[in-house]
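None of the values given here were measured: they were computed from a predicted structure.
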Amino acid sequence: MTPFTMRVIEIIRSIPEGAVMTYGQIAELAGSRRGARQVVRILHSSSRKYGLPWHRVVNSKGEIALQDEEGRRMQAMYLRDEGVPVDDRGRVDLPARQYIPGPD
DNA sequence: AAATTGACGGGTG
DNA sequence: CCACCCGCCAATT
């Protein structure tokens with residue numbers, strides 16, 4: 001596993017309940033400013049295996065990005081369960097909910 | 001080895 | 001807001 005992948009996994013692990021991060025933001029924090037698509041790939045291959053809170057990752061517009069209808073419903077349900085409002089178009093209030101890690 | 005493929009993102013109109 | 005277009009980049013074809 002590449003260092004980048006490891007960092008991505010750690011970052012996703014660090015997203016608090018009730019908050020979200022975007023693909024691009026995660027990629028950038030992990031050291032690849034244009035690696036958003038790699039974050040997608042990693043979620044596909046590792047979210048189940050490592051028990052990641054994959055539902056806390058949305059796109060830069062604050063939308064659920066999953067294509068599969070079933071998956072979209074699951075993600076919206078998980079988010080609402082932890083107190084994040086999701087509208088009928090699958091969007092969350094990004095400015096209000098985006099997790100920005102401190103400089104630690 | 002070349003083309004295709006995304007749970008993306010920013011810019012433009 | 002919406003629709004496009006184009007850059008991105010590693011895994012799969």
Could you tell me how far apart A/Glu70 (CD) and B/dA7 (C1') are, to the nearest whole angstrom?
15 Å
Regarding C/dG7, can its base be found pairing with the side chain of A/Arg34 as donor and acceptor, where the two atoms are less than 3.5 Å apart?
no
Using a cut-off of strictly less than 4.0 Å, decide whether A/Arg37 has a side-chain nitrogen or oxygen near OP1 or OP2 of C/dC6.
no
How many whole angstroms separate atom NE2 of A/His44 from atom C1' of C/dC9?
15 Å
A/Leu94 atom CG is separated from B/dC8 atom P, nearest whole Å, by 14 Å
Charged N to carboxylate O under 4.0 angstrom, A/Arg91 versus A/Asp87?
yes
Among the candidates B/dG10, C/dA11, B/dA7, find the nucleotide nearest to the side-chain atoms of A/Ser60.
B/dG10
Residues forming a salt bridge (Lys or Arg N to Asp or Glu O under 4.0 Å) with A/Arg41, sequence neighbours excluded
none
Given atom CZ of A/Arg72 and atom P of B/dA7, what is their separation to the nearest angstrom?
12 Å
Between C1' of C/dG7 and CD of A/Glu28, the distance in whole Å:
16 Å
Starting from P on C/dC8, measure out to CZ on A/Arg41 and report it in whole angstrom.
16 Å
Protein-nucleotide distance (A/Trp54, atom CH2; B/dA7, atom P), rounded to Å
13 Å
In whole angstrom, give the distance that lies between atom CG of A/Asn59 and atom P of C/dC2.
13 Å
For A/Gln38, which contact category applies under a 4.0 Å heavy-atom criterion: base, sugar-phosphate, or nothing?
base
If hydrophobic clusters are built from ILVMFWY residues whose side chains come within less than 4.5 Å, do A/Val58 and A/Ile100 share one?
no
Holding to side chain to side chain donor-acceptor pair (under 3.5 Å), I want the full list of residues that pass it with A/Ser14, two or more places apart in sequence or in another chain.
none
